[in-house]
Amino acid sequence: MQLDVDRLSALGEYFDRLVDDGKMPGWTALVSQHGEVKYAAAGGMANIADSSPMKTDSVFRAWSLSKAMTSVAFMTLVEKGLVALNDPVADYLPSYAGLRVYRAGMAEAPVTEGLVEPMRIWHLLTHTSGLGYGSHQSHAVDTMYSGAGYALGVPAGVDLAAATEAWGSFPLRFQPGSAWNYGVSTDVLGRITEVVSGRSLDVHMKESLFEPLGLKDTGFHVDADQAHRYAEIYTPGENGGLDPLGLPVDTEVPVFLSGGGGIYTSAEDYISFLGMLVNGGRIGSTSDHVISPLTVESMRTNHLPGDVTLGSGYGYWPVPAINEVMNSVGFGLGFMTMKAPGQSHILTREGEYAWLSASSTNFFVDPSSGVAAIIVPQLFPSRTLPIMNRLRQFVYQSYR
């Protein structure tokens, strides 16, 4: 099965219309097959104020697309036998041996119970750990996070080790392994990466993933002389226009290294990362691997227990595009994976794996055809437009 590149032009035409209509600042998209880029295009502005055009190598905040990279970098440690998926998290974070689980009550006086089974490494990779996200505000536990300063990010001056200890002081939303909930699991995984590797998270990821793949624009900060390439994130304004979020760009390594959302990258770099996954962990056309083909296969395979899906139990994701499909998908070791395409009501295929970020950037990989695609719209929040669905429509309709 091959891509008809001419038919992919419909993708650019659609997103250019959104720019012309003032619904999107700019965009870039890349589509590859078996690691070879077949389509690369961009339109609109990376920064409206200074008329900087969006390019395929514009630097953007990966935000939650960081999670896939952090998960792969962690699996290099699993392959070395330094850690195992069934290991209790408390083996590496002793304070997590005394975790409590929320049962009832207000955030100020919760009723809790002890662990039935320990939180394990695979619970972090699959978001079944019970850890929360203060920004969601859908549960009493989220209120506890935000009340302590962990709503959007972490308090000033707090590093990854301290944040991880703080998260462990709050009750879990549920018993580990019993449900799915999007939270700080990947950040905790990043801290365990530091403990196991003996290196800071940024150093481990640079040496195990970024440098081997030749990702020149990917890391936890943007060099000051490259900050002009940064693509601003915009949000719909009150009067129908687009307002910049105006977040400061990290030009030095930050105090808090967030494996769950702290990476900067470019679409060109990220499609190279996806190409590595498509090719079974292989680095380009070489015989070297970041991870093995069987590790990739395991990562893209559903690991959720029983009938748990992203829409069952305490599963929560505040984005309509995901809400439409969450009962038809599972989750692997760092990736959402499609289980029942016919129940999703979007163009997709069984076994497709994917993820998205709050700025509407999202990717998917179709292992059966070797196709990978990423779209970078820089539009917050991700519920603003149905971008995840549209990317699939344009890419899948181009199959021949």
Side-chain angles (χ1 to χ4, degrees), residues 59-71 73-74 93 95-96 107 124 127 129-173 181-194 200-202 204-205 218-222 227 230-235 243-265 316-319 334 355-362 378-384:
V59 176
F60 66 93
R61 296 175 189 272
W63 273 355
S64 283
L65 266 62
S66 303
K67 292 177 171 65
M69 287 181 155
T70 301
S71 298
F74 179 82
L93 303 173
S95 64
Y96 276 52
L124 297 174
H127 292 283
S129 65
L131 291 163
Y133 247 156
S135 59
H136 282 176
Q137 289 299 294
S138 65
H139 193 280
V141 170
D142 299 337
T143 303
M144 296 178 209
Y145 278 59
S146 59
Y150 293 90
L152 295 171
V154 303
V158 171
D159 64 10
L160 179 56
T164 299
E165 289 300 302
W167 294 323
S169 70
F170 305 123
L172 302 177
R173 288 176 57 138
N181 180 73
Y182 200 51
V184 297
S185 292
T186 311
D187 286 301
V188 174
L189 190 74
R191 175 55 186 156
I192 295 176
T193 297
E194 294 186 327
S200 62
L201 180 62
D202 60 327
H204 174 70
M205 294 192 66
T218 303
F220 286 87
H221 74 287
V222 181
Y230 173 73
E232 178 63 81
I233 301 171
Y234 290 83
T235 189
D243 295 334
L245 287 187
L247 299 175
V249 179
D250 296 295
T251 54
E252 297 181 354
V253 178
V255 173
F256 175 62
L257 295 169
S258 173
I263 293 173
Y264 294 86
T265 189
Y316 174 77
W317 182 256
V319 181
W355 203 231
L356 75 164
S357 86
S359 58
S360 303
T361 298
N362 70 92
Q378 295 303 87
L379 187 63
F380 174 88
S382 53
R383 63 174 176 268
T384 305

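Just so it is clear, the structure is predicted and the values come from calculations on it, not from any experiment. If you read the sequence from its start, that first residue is 1, and numbering goes on from there.
Judged by distance alone, with hydrogens and angles left aside, the side-chain atoms of Thr235 form a donor-acceptor pair with the main-chain N or O of Phe380 at under 3.5 Å. Distance alone, capped at 3.5 Å, is enough to place a donor-acceptor pair between the Asn181 side chain and the Leu131 backbone. In this structure, the side chain of Ser66 does not engage the main chain of Ala62 through any donor-acceptor pair within 3.5 Å. Panel note: side chain Thr361, backbone Ser357; no donor-acceptor pair is recorded below 3.5 Å.
Contacts of Arg191 classified as salt bridge (charged side-chain N to carboxylate O under 4.0 Å, His left out), with partners at least two apart in sequence or in another chain: Glu194. Every residue meeting the side-chain hydrogen bond (donor to acceptor under 3.5 Å, both in side chains) condition with Ser129, not counting sequence neighbours, appears here in chain and number order: Ser185. Partners of Tyr264 under the ring-ring contact (aromatic ring centres under 6.0 Å, His included) rule, at least two apart in sequence or in another chain, do not exist in this structure. Every residue meeting the side chain to side chain contact (heavy atoms under 4.5 Å, CB included) condition with Thr70, not counting sequence neighbours, appears here in chain and number order: Thr186, Met205, Ile263. The side chain to side chain contact (heavy atoms under 4.5 Å, CB included) search around Leu247 returns Arg61, Trp63, Leu245, not counting sequence neighbours. For the side-chain hydrogen bond (donor to acceptor under 3.5 Å, both in side chains) test, no residue two or more places apart in sequence or in another chain qualifies with Thr384. Thr265 is linked by a side-chain hydrogen bond (donor to acceptor under 3.5 Å, both in side chains) to Thr218, counting only residues two or more places apart in sequence or in another chain. Not a single side-chain hydrogen bond (donor to acceptor under 3.5 Å, both in side chains) links Thr143 to another residue, sequence neighbours left out.
Across all their heavy atoms, Arg173 and Gly132 have their closest contact at CD-CA, 4.1 Å. For the residue pair Glu232 and Pro244, the shortest heavy atom distance occurs at CG-CB, 3.7 Å. Counting all heavy atoms, side chain and backbone alike, Thr251 lies closest to Ala227 at CG2-CB, 4.5 Å.
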- Message: Does Ile192 form a side-chain contact (heavy atoms from CB on, under 4.5 Å) with Leu93? I'd like the steps, not just the answer.
- Response: CA-CA 7 Å; Ile192 295 176; Leu93 303 173; 4.0 Å; yes
- Leu201 vs Phe220, side-chain contact (heavy atoms from CB on, under 4.5 Å): CA-CA, chis, key distance, verdict: CA-CA 9 Å; Leu201 180 62; Phe220 286 87; 3.9 Å; yes
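A perpendicular orientation is assigned to the rings of Tyr182 and Tyr133, their planes being inclined by more than 60° (bins at 30° and 60°).
Contact check for Ile233 versus Phe60: no side-chain heavy atoms found under the 4.5 Å cut-off. Side-chain contact check for Ser169 versus Met144: every heavy-atom pair is 4.5 Å or farther apart. Under the 4.5 Å side-chain criterion, counting only non-hydrogen atoms from C-beta, Tyr96 is in contact with Trp167. The shortest side-chain heavy-atom distance between Val141 and Leu172 does not fall under the 4.5 Å cut-off.
Rounding to the nearest 0.5 Å places CG of Asp142 at 15.0 Å from OH of Tyr150. With rounding to the nearest 0.5 angstrom, the CZ atom of Phe74 is 5.0 Å from the CG atom of Leu189.
Among residue pairs with one or both ends in residues 252-262, those qualifying as side chain to side chain donor-acceptor pair (under 3.5 Å) are Asp187-Ser258; sequence neighbours excluded.
Side-chain atoms of Gln378 and Ser360 include no donor-acceptor pair closer than 3.5 Å.
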For residues 155-164, which side-chain N or O atoms pair as donor and acceptor with protein atoms under 3.5 Å away, sequence neighbours left out?
residue : atom : partner : partner atom : Å
Asp159  : OD1  : Ala161  : N            : 3.4
Asp159  : OD1  : Ala162  : N            : 2.9
Thr164  : OG1  : Leu160  : O            : 2.8

